[in-house]
J.: 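Before we start, here is the structure in question, set down as structure tokens.
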Amino acid sequence: MAEASEVYKQIFDLNPFPMWIYDLETLNFLRVNQEAIHHYGYSEEEFLSMTIKDIRPSSEIEKLLRAVGKVRRREATDYDHLYVHRKKDGTIIHVKIKSRPVTFEGKDAELVTAIDLSDVYTSQQSALREKNYLEIIDRVNLIVNDLQRVYRPLEAFYAAAEFVGKKLNLHSISLNYPILFGDIKKWTSIEDGSPEEQNSSTTFETPLIGLLQDYKSPRCLFLEEIKEPILRNYLEQQQLSSIVIMPLDKDPERQGFLLVEVRDSSRQWNSQEIKLIVSIGGILENMLMQDVKRKKLLESEMQFKTMVQEGTDLIAIIDAQGEYKYVSPTSGNVLGIEPEQFIGRNAFSFIHPDDAEALLPYLESAAQQPRITLPKYRFVGNDGEYRWLHTILTNQLGTSPIHGIIANSWDITEQVEIAERQEILTEITRFLIEEKTVHVILQKVSHSLSKLNGIKNLSLWINAMDRSKLFHIASTEMSMATSLPYDHWSQVIAREVGVVQKPVRWTSQKLSQRFPEFNNKSGKSFENLLGFPLMVKDEVIGVILVTSQLSFDKLEKTARNLGIIADQISPYIRQKITKDTFRGFFENSPDFQCILNFDLGFIKANKAFSKNLQYSTEYLNQKSFLNLVPEDERERCKDFFSKILRNRSPSELECNILNNNGEKIPLLINSIIPPEQDVIFVMAKNINALKTIEIRLQLAFNQLKRAQKIAKLGYWHRKLDQDISTWSDSTYAIYGQDRLNFIPTIKNIINLFHPEDRHLFSPKTGDNIPSQMLKSYEHRILIPGGSIKWIRQEIRWLLNEKGLPYMIEGTIQDISDTKVHEQELLLSNERFNLAFKASNEMIWELDFTTETIIRGTAYLKKFPYETSEPFSSTNSWNQLIAKEDQKRIWESLQKVLSTPEENYWKDEYKIILDDEDIAYVVDRCYIIKDEDGKPLKAVGSVLDVTESRKYLEKIKTHNKQLKEISWIQSHEFRAPIARIQGLLNMVKWYDCNDKSYPEVLDMIEKSVNELDLIVHKITQKAEIIK
Amino acid sequence: MGTPMVLLIDDDEINNYVNSSILHKEFPHLEIKQFTSAEEALAHILSNADIPYYIFLDINMPLMNGWEFLDELDKLDIILNLTIFMLTSSIDQADRDRVKTYSRVNQFLVKPLQRTFVQSLFNK
């Protein structure tokens, strides 16, 4: 057994094919032979540490496991096809596997023989591919041929590209062939893009196309080997790993390329594949070249066709009388009349009657001359509309087989219209230049416009400056005045055109429905009405209304022309209106105005300028502005203008101008250069000196008035030789008088003074004043209603050149409030001082700023204290206070002083006198505190209450006695009396009782005695009170 | 509930005698009891609580005055049928004011007791 085993072992080891045994459970190699080690490149140790999975590429693992599974289940395994293995160096080999299950060292295992058939496999694969590629080419040929037959080269490309792309697993195929396709046609794999993208047009950036175009032979490029940045960038952007470029350049005039793109980074290209691409490119290129040729042919065919059938040239053959012998098919397009309809008819039956006469001589001469050109004429179309034609007649009467005159005609309606329009525009432009007033211009414009075909009446409306309404400016017929321009409805219509800012049309029927008055007045004078806005940019400057008998479709041409003309003339009309307005301003301004050129020469001067300075227009036109400036001011004036020219911003200058008599006129000059114009506008104001002063005075006066108002100050003045003063408003207000009812004569003013103050007013005071120029008084005045005001007056005398006073002026200020306060203060101070002296209390005043206390003298005789001393707990007064009270009093006062909201203090204390006697005092004060509650001042008084204290004691005693007496009276004294009354009642009512009189009398006696005792007791009490 | 009884409480015997005479003369069947001490009167009321009483009460009495008597009544926790008249020689307003604070007192009378009052009282 062991021997046999050894034999097997040798067979195993020496076998020329790689062999191994692996564990079916773990897939570990259990044994490998020498050939396996040699072929696969692993050492024995390496093999034995690996599983059979490790010698396969990962894509093969699944297939392996399936096969192992089958072996485990003892099912038949399929080893017919090749397996892919990987050697240690990474080489992929295709092997045929032979195997059988064995038990090795007690384990379920399989013995495997691997026969490397890689070479066979590769050649087989190559042949297979070749076959495959041929099939592809064949197929592409079929597709292309099929679609080319029906002239669909683009579809052919897409179909071919899709077929090839799928077969070769490409990302996209692009075709650049500019002669046929303006942009690049691209097929994209459906897996890499959306369905819409699959067949699409795209554009490459020009540099990229240039680069691709430069490849003169097919090339395969991989991203990693591309250095050129544009191309590399393109590949990166498109996430491409490789491209194949195939130039399409068989025809040197038409070059393009085919671009094949691949995203799969593992994709390799072999020469067979490149060849395939080249072949397909060739097929496609051939197809495209054929298509180009076909197109070219088609084009030239088309050109010919178009020329004869769809051209605008009319070719006709007529005889010498003008009868049609042949008409080209183009007549249908140009005139709407089919060729057959002409045959047998005379050309003149189509020509406008107005033009026919002029044309006859030409036809006659056409028969004599070889060639003649006709003047433009109108030829009726199928729609009844006349077209303008230009015709050349060629004499072929003698030429066989024509025997006629060939008429080559062109429709020149458009050109004629333009010319017509141009004519009107030229005319209008002339008016704009020649005529001066806007009104005349517009009148003429409306006449020119009305020459357009079909216009019955035309009216022109211009927007008011504020655009609030449209003014009727001009119309072609005076009779229109009765129907169109001034009527309400035409105003409304014109305004509507202005609002919609577009041409508008109405039928007369529509108008009469809308405006009842339209029917009454205008009847059926027209069929239709057109409205055109005159627009400048977005602004409507006016409106043109046109009436016509023609229908709208017949008016089409006129409407078009009118619209175009309106657009063209609007800016000029607007400019003219603006110019007119400004010329009005310029000419009629009372200020001097002129326009200068940049050399300061006069272009224009207004009436005020030439009239006031007495220069003629002719004179000024030859002069420079500087000629009018006095020599010494010329430099300054020159600087001024050069500054304006430099800065182009408005500026101001004061200078003199010489008039024709050489007199200096002071002017304030404002100057400006209007935008985009080469002129200087000069506006000047005559400012003679007096006027300036007046202006300044007015200014100063206004300021003063304001200042006075703020200060509640009144002002007045009076010339000394006059009786009436001039008062300012504030002065009237202070006196409480009314400007209308009160005349400030000297007498009246004196009467307003308080009688006691009238002595202050002396009209002659002025005589001795000059030495004392300013004086001020405070006095009272009487206010209507009986009240009195205090005023302060500051008075000044004004001197003339000789130093003599000629005027008196003054300010007056209401100081009543101040005065009243002053008076009150004075009074209260006085009262305080009196109280201080007269009071039988001791008044004291404590000033916290100086920490001093001042005391009245009232108690100086009673107590020894200082009348003025520092405020302290140990000062002379505090020393007088009884020891037991001192601390308490000081603290209670301090407490009130330091409590911000308290301002009153009161306390009672004892004063020890020299003779040890005691005085009782009540001390109290009011405290004035600042905003923060800090004391500023305290005013108090001390009252000696010793006497009243003694009285009080006495009264208390008396009261007590009186109370006792009262009690006795009401209680004790009444008791016996009531008893006696009861007894008496009893006797009276019942004539006695069971008791005898003596008994009752006893009882009364007893009561009387008791009463006597009580009387004694009261008398005793009363004694005490005395 | 028995027949009403009149109690005259005054330390002044003459007063009690006069008042008792008037009551008796006017209403001979009226049961009248005189007390010179308020305490005794209180004791009587307490031992005969079910009788309705008409009480004429003086204010100024030794030991227990009229006010004290009233205060004692207020302290009691039993239902009594009392009609009380303060009968005093005092014309002090303070006394009149004080009476108003005692809700038990029906009226303040100043001595001497008037016949007309007595008549009106029991002739209802």
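Remember, predicted model here, so these are calculated numbers, not experimental data.
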J.: Assess whether atom OH of Tyr926(A) is packed by more than 12 heavy atoms of other residues, nucleotides or ligands within 6.0 Å.
T.: no
J.: Is the count of non-hydrogen atoms from other residues, nucleotides or ligands lying under 6.0 Å from Lys33(B) atom NZ greater than 12?
T.: no
J.: What distance separates Asn19(B) CG from Met986(A) CE, expressed to the nearest 0.5 Å?
T.: 10.0 Å
J.: Which atoms of Gln114(B) are under 4.5 Å from chain A, going by heavy atoms: the side chain, the backbone, both sets, or neither?
T.: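 Gln114(B) touches chain A through backbone and side-chain heavy atoms alike.
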J.: Any side-chain heavy atom of Asn985(A) sitting closer than 4.5 Å to one from Arg115(B)?
T.: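 Heavy-atom side-chain distance check fails, nothing below 4.5 Å.
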J.: So Glu26(B) and Trp989(A), do their side chains get closer than 4.5 Å, heavy atoms only?
T.: no
J.: Measure the CD-OH distance between Glu999(A) and Tyr17(B) for me, rounded to the nearest 0.5 Å.
T.: 7.0 Å
J.: Given that the side chain runs from C-beta out, which part of Asn60(B) has a heavy atom under 4.5 Å from chain A: side chain, backbone, both or neither?
T.: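 Just its side chain gets close to chain A.
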J.: Do Lys111(B) and Ile977(A) come within less than 4.5 Å of each other through their side chains, counting heavy atoms only?
T.: no
J.: Tell me if the CG atom of Leu827(A) is crowded by more than 12 foreign heavy atoms within 6.0 Å.
T.: yes
J.: Has Glu31(B) got more than 12 heavy atoms of other residues, nucleotides or ligands less than 6.0 Å from its CD?
T.: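 Counting other residues, nucleotides and ligands, CD of Glu31(B) stays at 12 neighbours or fewer.
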J.: Could you give me the CA-CA distance, side-chain angles and deciding distance for Ile91(B) and Arg974(A), then say whether side-chain contact (heavy atoms from CB on, under 4.5 Å) is met?
T.: CA-CA 8 Å; Ile91(B) 48 167; Arg974(A) 265 289 273 121; 3.5 Å; yes
J.: Roughly how far, to the nearest 0.5 Å, is the CG atom of Asn15(B) from the OG atom of Ser1007(A)?
T.: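 With rounding to 0.5 Å, OG (Ser1007(A)) is 8.5 Å from CG (Asn15(B)).
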J.: Tell me if the CD atom of Gln879(A) is crowded by more than 12 foreign heavy atoms within 6.0 Å.
T.: yes
J.: Which pair of non-hydrogen atoms, one from Ala978(A) and one from Pro112(B), has the smallest distance, and what is that distance?
T.: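 Closest approach of Ala978(A) to Pro112(B), heavy atoms only: O-CB, 3.7 Å.
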J.: If you count the non-hydrogen atoms of other residues, nucleotides and ligands that lie under 6.0 Å from NE2 in His44(B), is the total more than 12?
T.: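 Counting other residues, nucleotides and ligands, NE2 of His44(B) exceeds 12 neighbours.
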